[in-house]
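Worksheet: one structure, shown below.
Both ligands and their constituent atoms are indexed starting at 1 by order of listing. Because the structure is a prediction, the values reported are computed rather than measured.
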Amino acid sequence: MKSADFDYVRNYVRTQAAIVIEPGKEYLVESRLTTLARKENIASIDRLVELLRAKPGSDLHRRVIDAMTTNETSFFRDLHPFEALKKTILPELVQKRRPERQLNFWCGAASTGQESYSVLMTIAENFPEIFQWNFNFIATDLSTDVLAQAQSGRYGQLEVNRGLPAPLLVKYFKRNGDAWEFDPILRKKVVFKELNLMSNWPFMPAMDVVFLRNVLIYFDVETKKQILGKIRRLLRPGGYLFLGGAETTLNLDDSFERVVLERTTCYRSPGV
Ligand SMILES: C[S@@+](CC[C@H](N)C(=O)[O-])C[C@H]1O[C@@H](n2cnc3c(N)ncnc32)[C@H](O)[C@@H]1O
């Protein structure tokens, strides 16, 4: 790939999605764009970048961003955050919010939906009463491709083999041809929406729990600080933020309280 084309793509992805692609990652851009060019019937990466340059703001630009996102996820990824939710955070929040009967959740880099559905199954298994409350669950991602799958609630055998305990598969999924379909009643409790974390966020209710896992790693320090500041303002006092295992608020936004719960760490917003 020509170095000017590599720079064009990495600058575009950085300004639009905040995703940092370091010099030396030409192989990554090449492999993702080769797949995209094939899908779009474009003869080569050179031609693809030529088309991008010729038509700023085209739909092809959106597809390049989609292609450059890493959507790796699985059910109950890292397990321990979901254990903490079940054993500590949900019991605490259910007790605290019982008088007003309201709880709000947001999954901010939802990818293909496994994380949101894992949270929902954790609630359904342990505190189903909160579905009778004013319960809001918003799940967002930048990539429309992954959101389409998330919304469908359909997963292949390999996807359900990753992290989903067999009893939960049997209880919450139905086989339909090659796919496993997530329980439609529970599925409708999540509202999936497109949202670029870099943009101005539209109105969202104040949140009790935010999952923003395995996405800050792609951003530079300034962007991480900005996003954490916005989450702090969105969380209700005493609300919780879950980040990925390689992510932290330390030295980025030290007003969060670091809470270690057995084998996981989460972050509590200031106040009670
Ligand atoms: C590695 S996945 C993480 C999925 C899930 N949270 C997990 O931990 O399993 C990262 C997701 O972040 C999304 N993403 C990347 N940049 C984003 C941005 N600027 N705004 C919103 N989502 C973004 C990608 O599309 C991708 O689906």
Side-chain angles (χ1 to χ4, degrees), residues 9-22 25 28-29 32 35-36 61-85 105-122 137-153 155 158-164 190-202 204 207 209-231 234 240-248 264-267:
V9 173
R10 76 190 194 94
N11 287 337
Y12 181 72
V13 171
R14 187 170 186 148
T15 50
Q16 298 301 309
I19 298 170
V20 178
I21 303 168
E22 299 290 355
K25 289 271 174 85
L28 176 80
V29 175
R32 301 271 180 96
T35 312
L36 177 65
H61 285 79
R62 184 190 59 73
R63 274 170 276 155
V64 166
I65 302 267
D66 264 20
M68 291 313 305
T69 57
T70 299
N71 310 118
E72 166 70 16
T73 189
S74 56
F75 288 102
F76 296 95
R77 182 174 186 177
D78 303 335
L79 192 63
H80 305 294
F82 300 93
E83 288 294 305
L85 196 62
F105 286 68
W106 176 36
C107 204
S111 187
T112 39
Q114 287 91 327
E115 185 175 67
S116 310
Y117 295 139
S118 302
V119 172
L120 267 188
M121 286 186 275
T122 305
F137 195 137
I138 302 170
T140 60
D141 201 283
L142 164 76
S143 161
T144 45
D145 286 358
V146 292
L147 282 174
Q149 183 185 350
Q151 191 131 37
S152 76
Y155 298 95
L158 287 178
E159 290 169 314
V160 298
N161 284 350
R162 290 187 63 202
L164 185 60
V190 191
V191 178
F192 288 99
K193 284 187 185 156
E194 189 180 335
L195 176 70
N196 185 344
L197 292 166
M198 281 273 283
S199 68
N200 288 328
W201 300 351
M204 278 199 268
M207 291 293 162
V209 179
V210 173
F211 273 67
L212 193 80
R213 301 199 309 147
N214 304 300
V215 65
L216 289 184
I217 36 168
Y218 300 107
F219 302 156
D220 62 25
V221 168
E222 253 336 285
T223 310
K224 288 181 203 191
K225 283 184 178 171
Q226 272 173 27
I227 292 173
L228 287 173
K230 281 159 82 173
I231 292 176
L234 187 66
Y240 288 93
L241 166 66
F242 282 90
L243 297 175
E247 296 161 335
T248 177
T264 196
T265 299
C266 56
Y267 303 87

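Ring geometry for F137 against F105 counts as parallel: the plane angle stays under 30°, on a 0 to 90° scale with 60° as the upper cut.
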- Output, in order, the C-alpha distance, side-chain angles, deciding distance and verdict of side chain to side chain contact (heavy atoms under 4.5 Å, CB included) for E159 and Q149. CA-CA 12 Å; E159 290 169 314; Q149 183 185 350; 3.2 Å; yes

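Closer than 4.0 angstrom to ligand 1 lie heavy atoms from A17, I19, T69, T70, N71, E72, T73, R77, A109, S111, E115, D141, L142, S143, L195, N196, L197, R213, N214, V215, Y218, F219.
For R14, the salt bridge (charged side-chain N to carboxylate O under 4.0 Å, His left out) partners are D220, not counting sequence neighbours.
Side-chain atoms of T69 and N71 include a donor-acceptor pair closer than 3.5 Å.
Applying side-chain contact (heavy atoms from CB on, under 4.5 Å) to L197 and the options V215, L216, L142, D141 leaves one that passes, V215.
You'll find the ring centres of Y117 and F192 inside the 6.0 Å limit.
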